[in-house]
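Worksheet for the structure shown next.
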4 protein chains.
Amino acid sequence: MTLRADALRNRERLLDVARQELAGGNVALQLNDIARKAGVGVGTVYRHFPTPQALLEALVGEQLNQLVEIARQALAMADIQAAFTFMLRSTFDMLLCTDGGLSVVMLAIEDADCGTTRAKDELGVLTAELLRRAHEAGVVRRDLTAADVRNLVCGVEHAVRTWPDGDQNRSARYLDVLIQGLRQSG
Amino acid sequence: MTLRADALRNRERLLDVARQELAGGNVALQLNDIARKAGVGVGTVYRHFPTPQALLEALVGEQLNQLVEIARQALAMADIQAAFTFMLRSTFDMLLCTDGGLSVVMLAIEDADCGTTRAKDELGVLTAELLRRAHEAGVVRRDLTAADVRNLVCGVEHAVRTWPDGDQNRSARYLDVLIQGLRQSG
Amino acid sequence: MTLRADALRNRERLLDVARQELAGGNVALQLNDIARKAGVGVGTVYRHFPTPQALLEALVGEQLNQLVEIARQALAMADIQAAFTFMLRSTFDMLLCTDGGLSVVMLAIEDADCGTTRAKDELGVLTAELLRRAHEAGVVRRDLTAADVRNLVCGVEHAVRTWPDGDQNRSARYLDVLIQGLRQSG
Amino acid sequence: MTLRADALRNRERLLDVARQELAGGNVALQLNDIARKAGVGVGTVYRHFPTPQALLEALVGEQLNQLVEIARQALAMADIQAAFTFMLRSTFDMLLCTDGGLSVVMLAIEDADCGTTRAKDELGVLTAELLRRAHEAGVVRRDLTAADVRNLVCGVEHAVRTWPDGDQNRSARYLDVLIQGLRQSG
DNA sequence: TATGAATGAGAATTCATTCAT
DNA sequence: TATGAATGAATTCTCATTCAT
């Protein structure tokens with residue numbers, strides 16, 4: 001079902017404001033606050049997003065779906081090493097560009113929207129398959145599951161985000177550390 | 001200044017309760033809540049710990065000081081590789097056994113207690129020196145600062161803590177990944 | 001003015017849902033809620049029934065008119081004792097079968113629809129006449145007005161409704177108590 | 001445990017305001033509203049009375065206990081007819097002087113305070129005993145339980161309260177109707 | 001005429017902090 | 001020094017009503 005023009009406009013505005021909040025370092029989105037900043041009534045926010053979690057998921061749903069797509073592309077690549085790295089880097093970039101929002105959603109036990117659950121599940125399955133091939137090819141440590149990889153990449157993103165400084169290459173270096181750490185040794 | 005016997009007893013009880021809160025996954029300590037659970041008045045809590053941050057620092061101050069001591073020991077070790085790993089592992093263990101409390105303190109920009117600031121500064125200096133030697137010896141990536149190492153170990157601890165499962169070896173594996181990732185490649 | 005077929009259908013559906021609400025013990029009808037449950041837009045509800053009171057009156061208007069008719073029949077009866085009891089019992093049954101809705105309307109100071117006011121007025125006049133004859137015949141206490149009788153029967157119905165249990169004869173017993181209580185003593 | 005002087009003062013003021021609300025016909029007490037009218041912070045209200053129901057029970061607890069005491073006195077009376085009437089009249093007066101508050105508490109399925117439950121239970125037991133004797137003596141209809149009597153007296157009080165007019169004898173007349181109605185006929 | 005999105009007042013509730021006792 | 005009552009700002013959430021489509 002398509003939204004009414006003004007409803008859509010409001011929805012977009014709310015997402016914009018929420019994104020700014022996230023960018024400002026505020027992961028705990030407050031619906032009232034967002035309503036005020038977006039210049040709409042509180043009720044409007046609650047109609048669109050019943051809970052902060054729902055808003056967060058709407059905010060990063062796009063990125064989550066892109067990750068699923070990226071996982072599919074990775075699985076289609078011939079070079080499994082390159083594929084795995086591609087997947088990792090893409091995930092890392094997504095996590096960073098959503099200012100921690102995607103990280104919260106990916107690590108949440110419960111989801112507000114079942115579409116989110118579906119995407120997360122699919123991402124998990126695809127990643128597991130990618131990991132299986134990587135294990136077979138001997139390019140990634142065998143003692144790690146798909147969940148481990150997800151946790152670690154979120155952890156490293158956390159490391160980048162908690163200490164914001166001007167160093168532009170820092171995130172790249174941190175990702176490098178992770179990539180090297182995941183490699184099958186010996 | 002020494003505390004009166006009952007004041008000391010209260011202080012200890014408060015710290016106990018706060019520790020339990022942390023262990024229960026609640027990093028955002030609520031002073032009122034803690035007062036109630038400790039069976040003391042709110043005023044008493046505020047007298048001892050003016051802010052949640054102060055309580056947190058009191059809670060992990062001991063561990064922070066131990067880390068400083070450990071850093072000193074590490075600097076006294078002949079094998080720099082072993083020393084660095086020893087430092088890293090100790091930090092990681094401390095972070096885990098304080099249920100994220102130490103992590104919050106180590107990453108905080110502002111400290112409540114100047115003793116905390118002093119300890120953190122000293123830890124920074126000692127770690128930097130350790131890192132300098134590690135760089136010289138070529139056992140740790142050259143593009144990382146002491147702050148980077150601290151962030152990364154906190155990030156990996158974050159990865160362990162956000163997805164609690166029964167796997168007992170998980171934290172060991174994650175630390176392994178970090179250690180391998182920090183190694184000077186080539 | 002006759003309603004369009006679909007408008008009529010909507011109206012009926014709304015009344016049905018409202019009746020279910022009442023039956024469920026919810027006398028405070030919420031127009032939004034009813035719209036949702038009826039599967040129509042809120043605006044539609046407001047068009048048909050500007051206020052909850054209007055909806056309530058529409059819901060029990062039929063019963064109210066029946067009571068007027070019953071009062072007329074009672075006045076046509078020869079045996080005034082039987083007539084009064086007939087009237088009382090009919091009222092009581094109507095109150096019960098509308099789950100308190102009719103009671104609210106009968107006791108309301110202000111009416112939403114002037115048809116309701118007219119019916120209530122007429123009912124009052126007819127009851128007063130019935131009561132006058134009953135007083136003359138010495139079968140009902142002389143110190144009671146038509147309003148008193150109405151209040152008391154509503155009160156007894158309230159007694160039945162507030163404590164719902166399985167006892168099927170309870171309402172009959174309560175009505176008996178009322179009838180006996182209204183009788184001219186001595 | 002005794003309350004602090006100011007706490008007690010606040011508590012009394014809150015009860016006063018709540019009583020005025022009831023007297024004004026507002027049985028649905030709103031804690032925020034009461035706080036404002038009493039000139040205290042909202043938190044103070046919530047500390048004293050966690051829910052509107054708790055406030056209501058505090059408001060009429062005294063009367064409820066008096067009813068228990070009255071029931072005991074009634075049981076000590078020799079003339080069971082007089083005793084029953086005394087009990088009924090006392091209950092009715094209490095219901096009226098609490099402006100419907102006591103009625104709500106007496107008919108509530110769930111209580112906020114277990115003291116209320118205890119008092120209600122005891123009142124039920126004592127009334128049942130009183131009723132048993134009245135049945136034996138043949139002065140009250142045999143087909144009524146203690147719960148029935150309570151419901152009916154609440155119902156009649158409802159009849160008095162829903163249609164407030166200047167007639168001072170009305171409540172006395174309504175009570176008379178009830179008393180006569182409850183009498184064992186034949 | 002029907003729809004349902006938007007509104008926003010306001011009710012309910014929490015909680016960090018202060019301060020009287 | 002300890003207590004815990006009081007505060008009231010802030011937040012969450014609901015819902016009756018209006019109005020754009």
Side-chain angles (χ1 to χ4, degrees), chain A residues 1-11 13-14 28-36 38-52, chain B residues 3-11 14 28-36 38-52, chain C residues 3-11 14 28-36 38-48 50-52, chain D residues 1-11 13-14 28-36 38-48 50-52:
Chain A
M1 193 199 61
T2 47
L3 279 175
R4 230 166 64 181
D6 57 341
L8 190 61
R9 203 159 45 240
N10 278 334
R11 196 187 141 90
R13 208 183 317 174
L14 288 170
L29 301 175
Q30 297 177 351
L31 298 188
N32 264 16
D33 191 42
I34 285 169
R36 193 166 37 73
V40 303
V42 234
T44 305
V45 186
Y46 277 83
R47 165 175 294 271
H48 284 287
F49 313 105
T51 62
Chain B
L3 284 173
R4 244 166 52 180
D6 58 339
L8 191 61
R9 206 162 41 243
N10 277 338
R11 196 186 140 89
L14 287 169
L29 300 176
Q30 296 181 356
L31 264 29
N32 261 306
D33 193 39
I34 285 169
R36 191 169 38 75
V40 304
V42 233
T44 307
V45 185
Y46 274 82
R47 168 171 298 272
H48 285 288
F49 311 105
T51 63
Chain C
L3 285 172
R4 245 166 51 180
D6 57 341
L8 191 61
R9 207 162 39 244
N10 277 337
R11 195 186 141 89
L14 287 170
L29 300 176
Q30 297 181 354
L31 265 29
N32 261 305
D33 193 39
I34 285 169
R36 190 167 39 74
V40 304
V42 234
T44 306
V45 185
Y46 273 82
R47 166 172 298 271
H48 285 287
T51 63
Chain D
M1 194 199 59
T2 47
L3 279 175
R4 231 167 62 182
D6 58 340
L8 191 60
R9 206 161 41 242
N10 278 335
R11 196 187 139 90
R13 208 184 315 175
L14 288 170
L29 301 175
Q30 296 179 352
L31 297 187
N32 264 19
D33 191 40
I34 285 169
R36 192 166 38 73
V40 304
V42 234
T44 305
V45 187
Y46 276 82
R47 164 175 294 271
H48 284 287
T51 62

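In what follows, every chain begins at residue 1, and chains take the letters A, B, ... in the order their sequences are listed. Being a predicted model, the structure only gives us computed values, none of them experimental.
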Are side-chain heavy atoms of R9(D) and D6(D) found at a separation under 4.5 Å?
yes
Where the side chain of A7(B) is concerned, which of dA6(F), dT1(F), dA2(E) is the nearest nucleotide?
dT1(F)
Taking all heavy atoms of L14(D) and all of A38(D), pick out the closest pair and write down the distance.
CD2-CB, 3.7 Å
Rounded off to whole Å, could you give me the CZ-to-C1' distance for the R11(D) and dT7(F) pair?
19 Å
Report the residue from N32(B), L31(B), N10(B) that forms a side chain to side chain contact (heavy atoms under 4.5 Å, CB included) with V45(B).
L31(B)
Qualifying residues under salt bridge (Lys or Arg N to Asp or Glu O under 4.0 Å), relative to R36(D), sequence neighbours excluded:
D33(D)
Atom-to-atom span, CG of N10(C) to P of dA2(E) - whole angstrom:
6 Å
Using OP1 and OP2 only, check whether a side-chain N or O of H48(B) sits under 4.0 Å from dT1(F).
no
Nucleotide dA16(F), atom C1' - distance to CZ of R47(A) in whole Å
13 Å
Mind listing the closest non-hydrogen atom pair of A35(D) and G41(D) along with its distance?
CB-O, 4.0 Å
Identify all stems in which DNA chain F takes part, counting only runs of at least 3 consecutive pairs (Watson-Crick or G-U wobble, each distance under 3.5 Å), and give each as one range with another, ordered by first number.
E:2-21 with F:2-21
Please report the distance, rounded to the nearest Å, between CD1 in I34(D) and P in dA11(E).
12 Å
If I take atom CG in residue L8(B) and atom P in nucleotide dA2(F), what distance separates them, rounded to the nearest angstrom?
11 Å
Do nucleotides 13-21 of chain E as a string where each nucleotide becomes B, S or -: B if the base has a protein heavy atom under 4.0 Å, S if just the sugar-phosphate does, - if no protein is that close.
B-SBBB-B-
Can you figure out which of dA5(F), dA6(E), dT3(F) approaches the side chain of T44(B) most closely?
dT3(F)
Is there a side-chain contact between Q30(A) and I34(A) (heavy atoms, below 4.5 Å)?
no
